[in-house]
Protein chains: 2
Amino acid sequence: MTRVTIADVALHAQVSRSAVSKVLRDAYGVSPSMRARVLAAIDELGYRPHVAARALRGHTSTLGVLLPDLRNPFFPDLVDGVVEEIAGTGYEVVISQGGRGPASESRAIHALIDQSVGGIVLVAPLSPQSDLEAIAATVPVVVLGRHDRSPRYDAVFDDDEVGAELVVEHLAGLGHRRIAHIAHRDSSRGEPATLLQAIRARAYERAMVRLGLGEHADIAWTTYTEEGGHKGVGELLSRPEPPTAIFAGADLAAIGALAALREAGLAVPDDVSVAGYDNSWLAALAHISLTSVDQSGVTMGRTAGRLLLERIGGRTASARISITPTLVPRRTTAAVS
Amino acid sequence: MTRVTIADVALHAQVSRSAVSKVLRDAYGVSPSMRARVLAAIDELGYRPHVAARALRGHTSTLGVLLPDLRNPFFPDLVDGVVEEIAGTGYEVVISQGGRGPASESRAIHALIDQSVGGIVLVAPLSPQSDLEAIAATVPVVVLGRHDRSPRYDAVFDDDEVGAELVVEHLAGLGHRRIAHIAHRDSSRGEPATLLQAIRARAYERAMVRLGLGEHADIAWTTYTEEGGHKGVGELLSRPEPPTAIFAGADLAAIGALAALREAGLAVPDDVSVAGYDNSWLAALAHISLTSVDQSGVTMGRTAGRLLLERIGGRTASARISITPTLVPRRTTAAVS
DNA sequence: ATAGCAATGGAGAACGTTCTACATCCCGTC
DNA sequence: GACGGGATGTAGAACGTTCTCCATTGCTAT
C-alpha cells in the first residue's frame, strides 16, 4: 500500500540511497555491477520515482501547454507537434484550459506552474506582455500565436500578414470587391496588439487598401467561434451593401458564417464566398470544404517544443520565429457572379 | 529571483513557520491578530505555496482528466462538466492525451499520477479492468464511458443500449430495413467488453433482431474517427445489397460517412440516412445537421467530478451511474424512398 | 615503500511543506 | 493561592528526492 521509495530499493540492493540516486540519474561513479544490482531491485520492487520529491529538488519532467479552449479544431495540431518534438526526452505534456478572459487564463497558467512544469507553451494568451514576462522569469516560456518581441520568452507565429493577404488577393482575384472580415475581439479591454487576431484584422485592412478596395473594407468584430461567425454574418448582411465575400479569421468562425448564410437563404459560393483561417481538419471535411489558410499547426507545435527544450537547456537569447502560411482553396470560394 | 517560502513569510510576520502553515490550512489555534499579520505578510511578499512540497506531505490540489484524443468534439463537454463541478473546491484540472493504444494510454495515466493529482477521470480507457483497479489502489478513479462494475472505482456512462435502440427504432420507423452500423474496434486485441463501443455494437444487433431485421444487421468494424466512418461506408457500399441507413457509433464517424457517401454520389438523406452518436456541437452545425444521440456530456462530466470529490472525501463504496440518452433527429435521416 | 590519483561508494544536508507534540500564558475556581 | 484547563504559539520530525562532500579502495609512478 505504501509507496516504494529509493530507500526500499537501496535496502533491497544492499547499497546506499545515494547509490540508487546515482543510477537513476546516470551520474558519475557507478560500477557496472552496482548499476545492475540497483536496476534489478528497481524492477523487482516496481519502483517509480516520486515526481513531487524531485520537483522539490528542482527537477522537472513535465511540460505544460495552455490552450484557450478545447473546441478549436486547430489546437490539437499544435499539441501533436509539441508531443512529437519532445518524444524521447522523458518529458510528458499536460494541458490546461485557459478559458475566457485573462483572469481565468492566469489561473490556468499558475495551475500549470504550480505543477512545477519544466516549461510552458502558451497558445494565443490574452495576458499583457509584462505578465508573460513575469511568468517567464519563473519558468521557460514559448508563446504561440502572438507576434511579441520579448527578451524573456520565445515567440512562434505564422505570418498573419501574409495569410490575410493571400485570402484578400484570392478573393479579389475571383472578382470580389466587397470583401468583409470577421474579426475577434475579446471581452477584456486592452487585448495585446500583437495577438494574431489583431494582426489579421489590420493586415486585412492594409491588403484591401493596397488592392484599391479600401472603401469596401468592412470588419465585424465578434469572436473566433462558431457563434461569433454566425453573429458576424448577421451584422454584415444588415449593411446597405452586403459583402459578396467573407474572410473569417478562423475556421470555426467561418463555419458559423456558413450556417448563418444558409439560414439567410444565401448559397455558398454562388451568392457569397467564404474563406477561413487555420486549415483545421474541420475545413477539410468534405461536407464543408472550406477555403482556408494553412499555417501548419504541427510544424508550429514542433517549433515551440524545440524552442522550449532549448530554453530549458540553458539558452537565454530570445527567439522569434515566423512561419509562412499558404492558401488552400476549396469549394466555398468562387468567382463573383 | 529565489522563491518566497513559508519561512520568509514567518520572518516577515514575526511568527513561526508553524503559525503560517496553520493560517494557510485554516487549522485550529490561530488568534485573529496573528491570522491578520500572516495574511498581510503573505500578500506583501506575494507568497504562493509550493505545490510539490505539499504533495510530498500528501496534499493535492489537482485533478487529472485523461482524454483518448483531443479531436473528438464530444470530449470538451465532459471536461466542461468536470470543471463546473469542481469549481470553488480549490482543485484545478489538467488534461492528458491518451493516444492510440493501451501502452501510450498507460504512460499518459502515469504521467498524471506522477503529478500527484488527487484523483483522475479516465475517459473511455482501453486498459483492462485489472490495470484500472491497480491504478485505483493508488489514487481515486472515475471511469467514464465504460459499463464496468468494479469495487475499486466508480463508473459513469450513458445507457448505450437505450441509445442504440433509439437510433435503430428511429430508422426502422422511417421504413428502413437495411440499417448498418459502423463500429469501433481498437487495434489492440482484448479490448474490454464493457467499453461503450462494444456495447453499442451489441445493442445495435439486438435491436435489429428484436425488430425482426436480424438478417439485415451488418457491422463495419473500423474506428470512431472521420477516417473510420469514411472507410466504413466504403465497406458497406461494396455489399451486394448496400444499406439504406447507417448508424455510426460516433458523430465523428458519421461525418466521415457523410463525406464518403457524397463522394460515392449518394444523397443524404434521399438515398441514404445517417445517424451519429454523442450529439456533439459538430452534429448541430447547420451544414451538417446530423441526427444523433444526446448523452449530455456536461452532465456526465459533472457526475464524474462529483463522484471523484466524494471519493477523495473518503467514500469507499463504489458507484455506478447510468445516464439515459435521448434522440435528436435532424436532417440526415428521412423516410426511405 | 609511499605519495598521488582515479574510481567507487556513502553520509547527510538541503528542498518547502504539514502536523504532532509540547510549552507557555491567562483565567476562573475552589 | 494553588490548580485545572482552554487558547495560543513553537519546535522539529517527517515526506522522497538530489547532490556536495568526504571516505575508502586499489593502482601507478616515483
Side-chain angles (χ1 to χ4, degrees), chain A residues 1-39 41-42 45-62 90 110 113-118 138-139 312, chain B residues 1-39 41-42 45-62 90 110 113-118 138-139 312:
Chain A
M1 192 66 249
T2 172
R3 180 175 255 287
V4 178
T5 75
I6 266 194
D8 301 324
V9 175
L11 214 64
H12 196 263
Q14 317 248 47
V15 296
S16 69
R17 281 162 37 242
S18 319
V20 178
S21 174
K22 277 189 183 175
V23 170
L24 251 27
R25 290 174 291 130
D26 257 324
Y28 176 84
V30 181
S31 69
S33 80
M34 184 176 86
R35 154 180 239 83
R37 269 223 309 285
V38 168
L39 289 179
I42 286 178
L45 300 180
Y47 167 79
R48 279 185 73 89
H50 194 309
V51 172
R54 284 187 159 173
L56 201 52
R57 296 284 310 181
H59 270 229
T60 61
S61 54
T62 312
H110 280 291
I113 295 178
D114 285 349
Q115 293 295 306
S116 50
V117 293
T138 313
V139 60
I312 292 171
Chain B
M1 195 65 252
T2 171
R3 177 176 257 286
V4 179
T5 74
I6 265 194
D8 300 324
V9 175
L11 214 63
H12 196 263
Q14 316 246 48
V15 296
S16 70
R17 282 164 34 245
S18 318
V20 178
S21 174
K22 274 190 182 178
V23 171
L24 251 28
R25 288 176 290 131
D26 256 324
Y28 175 84
V30 182
S31 69
S33 80
M34 184 175 87
R35 154 179 239 85
R37 270 223 309 285
V38 169
L39 289 179
I42 286 178
L45 299 179
Y47 165 80
R48 279 186 72 89
H50 193 309
V51 172
R54 285 186 157 174
L56 202 51
R57 295 284 312 182
H59 272 229
T60 61
S61 54
T62 313
H110 281 290
I113 295 177
D114 285 349
Q115 294 294 306
S116 50
V117 293
T138 313
V139 61
I312 292 172

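Proteins come first, then strands; the chains are lettered A, B, ... in the order of their sequence lines, and each starts at number 1.
The stretch residues 6-25 of chain A participates, sequence neighbours left out, in no salt bridge (charged side-chain N to carboxylate O under 4.0 Å, His left out) pair at all. Annotation: salt bridge (charged side-chain N to carboxylate O under 4.0 Å, His left out) contacts involving residues 28-39 of chain B, sequence neighbours excluded, comprise B/Asp26-B/Arg35. Among pairs with a residue in residues 51-60 of chain A, none fulfils side-chain hydrogen bond (donor to acceptor under 3.5 Å, both in side chains), at least two apart in sequence or across chains.
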| Nucleotide-resolved protein contact map, nucleotides 16-26 of chain D, B/S/- at heavy-atom distance under 4.0 Å | BBBB-------
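Residues forming a side-chain contact (heavy atoms from CB on, under 4.5 Å) with A/Ile312 (at least two apart in sequence, or on another chain): A/Leu63, A/Tyr91, A/Pro140, A/Leu308. Partners of A/Thr62 by side-chain hydrogen bond (donor to acceptor under 3.5 Å, both in side chains), not counting sequence neighbours, listed by chain and number: B/Gln115. With sequence neighbours excluded, the residues that form a side-chain contact (heavy atoms from CB on, under 4.5 Å) with A/Ser16 are A/Ser18, A/Ala19. Checked against side-chain contact (heavy atoms from CB on, under 4.5 Å), B/His110 has the following partners two or more places apart in sequence or in another chain: A/Arg48, B/Ser106, B/Ile113.
In this structure, the CZ atom of B/Arg35 is 16 Å from the P atom of D/dA7, given to the nearest Å.
Residues A/Ser61 and B/Asp114 are not in side-chain contact: their nearest non-hydrogen atoms beyond the backbone lie 4.5 Å or more apart. Side-chain contact between B/Val20 and B/Tyr47 is absent, with no heavy-atom pair separated by less than 4.5 Å. The shortest side-chain heavy-atom distance between B/Ile42 and B/Leu24 falls under the 4.5 Å cut-off.
Across its full length, the helix from C/dA1-D/dT30 to C/dC30-D/dG1 shows an angle of 60° between the axes of its 5 terminal pairs at either end, rounded to 10 degrees.
Between A/Tyr28 and the phosphate of C/dA7, there is a side-chain N or O to OP1/OP2 separation shorter than 4.0 Å.
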Are any protein N/O atoms closer than 3.5 Å to N/O atoms in nucleotides 23-27 of chain C? If there are, list each pair with its distance.
none

